[in-house]
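Structure, as structure tokens:
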Number of protein chains: 2
Amino acid sequence: MKQALSDTEIRIIAAAERIFLLKGLDGARMQDIADEASINKAMLHYYFRNKQQLFDIILDDKISKVFDVFQVWAQPHLNFEQKLRKFVEEEINLIKSFPILPLFIMLEARKNPDLIPTKLKNFPIQDVKATFQNIIQTDIDKGNIRPVKMEEIILNTMSLCVYPIIAAPLFQYTFKVDNSAYLDYLEARKQLVPDMILRDLNYKTPQN
Amino acid sequence: MKQALSDTEIRIIAAAERIFLLKGLDGARMQDIADEASINKAMLHYYFRNKQQLFDIILDDKISKVFDVFQVWAQPHLNFEQKLRKFVEEEINLIKSFPILPLFIMLEARKNPDLIPTKLKNFPIQDVKATFQNIIQTDIDKGNIRPVKMEEIILNTMSLCVYPIIAAPLFQYTFKVDNSAYLDYLEARKQLVPDMILRDLNYKTPQN
DNA sequence: GTCTATAGGCGGATAGAC
DNA sequence: GTCTATCCGCCTATAGAC
């Protein structure tokens with residue numbers, strides 16, 4: 001039975017989230033987190049034994065949110081195009097709300113190669129892959145999309161969703177676009193990206 | 001007049017590159033770099049005043065290489081397709097050689113909003129943009145590609161080149177691909193990515 | 001539970017001999 | 001230029017009063 005979190009614990013976790021996502025594990029200072037939570041350093045250690053444990057709580061939560069987005073592919077009653085559009089929309093929404101998340105995960109993953117296997121081992125990745133493979137194989141067989149590997153679709157789609165968000169500061173500077181215009185553009189990409197993917201797959205609306 | 005680098009300086013820079021690429025700024029230890037260069041810690045400080053300066057040398061060098069890749073668009077005697085293919089090839093080669101670079105720049109850019117303007121202010125970005133705009137406008141007018149904004153092409157192309165490299169650890173784990181097979185796949189993307197972009201632009205080989 | 005004070009060690013930087 | 005020894009500040013973590 002999971003104990004309800006106290007008000008202080010909630011404040012600490014929220015503070016840790018902001019600091020870790022901004023500074024990374026090495027860059028974050030326990031003092032920063034304490035200040036952000038308006039408590040003193042010793043209290044952090046009282047509630048969470050050490051820095052690593054606090055970090056793991058934040059990271060685990062974020063990774064599960066990333067994983068959740070893939071559940072779209074398991075939804076029945078939607079065809080390939082509908083699932084793709086929903087996936088792109090949710091992916092863009094998620095990364096928009098935490099633009100640092102992918103940077104953070106990828107940076108930490110390169111420092112510690114065990115991180116990804118350790119963190120992902122409890123998620124039923126094989127199930128999601130099987131579901132996805134099943135969906136596209138059906139559409140390939142029906143001639144709705146050209147023969148293609150699922151890795152290709154996922155990687156291209158993720159690239160087109162995620163990169164424009166993490167690279168926003170660079171593109172805003174280069175193309176002299178202000179924040180609000182760039183956010184509008186990211187909204188527009190919820191259409192542009194699936195359109196591009198479907199076009200690449202030579203997608204034909206199924207005749208059911 | 002730029003002094004030629006001594007053998008030791010070259011070894012230090014090569015070592016620093018490898019360590020910073022692996023661990024990031026905060027995660028890298030001066031001792032790691034010294035070991036990698038087979039010298040002692042004091043020598044690092046003799047040649048480069050401090051850690052930050054050593055890092056900046058690596059970073060500035062890499063940023064100028066990023067910019068160099070865009071010079072492809074200014075090469076005469078190549079048509080749009082040839083320039084695009086060359087750009088993709090060089091971009092993938094570059095990011096492969098320093099995968100942490102986009103991650104670091106983007107993370108630092110969010111911590112310090114002045115970083116991008118400061119690092120990029122000496123590059124003639126406007127010239128490259130004008131050149132690029134000119135090229136695609138010509139092809140649009142000739143009917144070789146559909147009407148499209150240059151921002152769109154650049155952002156999509158960069159996304160498809162860069163993201164698969166920075167997210168490599170995640171995809172290698174998810175799809176059970178080993179390092180060498182993934183490197184092969186990135187090579188294959190030097191074809192796949194321009195193919196996809198050209199397809200999206202409804203590209204027709206010019207009739208010259 | 002909350003705080004202050006401090007231990008303890010890591011890691012960047014330097015002094016100074018050769 | 002190269003090395004050893006060492007300094008010293010920063011930062012995590014804990015002891016212990018209240």
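Heavy atoms only: backbone and side chains are in, while hydrogens, waters and symmetry mates are out. Here is the naming used below: chain letters follow the sequence lines, and residue numbers restart at 1 for every chain.
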Euclidean distance, atom CD1 of residue A:Ile12 to atom C1' of C:dT2 [Å, nearest integer]: 11 Å
Partner residues of A:Asp68 under the salt bridge (charged side-chain N to carboxylate O under 4.0 Å, His left out) criterion, sequence neighbours left out: none
Geometric class of the B:Trp73/B:Phe80 ring pair [parallel <30°, tilted 30-60°, perpendicular >60°]: tilted
Sugar-phosphate, base or nothing in reach of B:Met43, heavy atoms under 4.0 Å: base
Flag, side chain of B:Lys51 to backbone of B:Ala28, donor-acceptor distance under 3.5 Å: yes
Pi-cation contact, B:Phe98 with B:Lys96 (under 6.0 Å, within 45°): no
Rounded distance (Å) that lies between atom P of C:dG12 and atom CE of B:Met30: 7 Å
Rounded distance (Å) that lies between atom P of D:dG16 and atom CG of A:Asn40: 18 Å
Sugar-phosphate, base or nothing in reach of A:Ala28, heavy atoms under 4.0 Å: sugar-phosphate
Phosphate contact (C:dG12 OP1 or OP2) by B:Arg29 side-chain N/O below 4.0 Å: yes
Under-4.0 Å side-chain N/O to phosphate OP1/OP2 contact, A:Asn50 with D:dT12: no
Between P of D:dC3 and CG of B:Asp35, the distance in whole Å: 12 Å
No-H, no-angle donor-acceptor pair, B:Lys41 side chain to C:dG12 base, under 3.5 Å: yes
Interatomic distance, B:Tyr46 OH vs D:dT4 P [rounded to whole Å]: 17 Å
Atom pair distance, as rounded to whole Å: NE2 in A:His45 and C1' in D:dG16: 16 Å
Touch class at under 4.0 angstrom, heavy-atom based, for A:Tyr47 against every strand present: sugar-phosphate
Spacing between A:Phe48 atom CZ and D:dA13 atom P, to the nearest angstrom: 14 Å
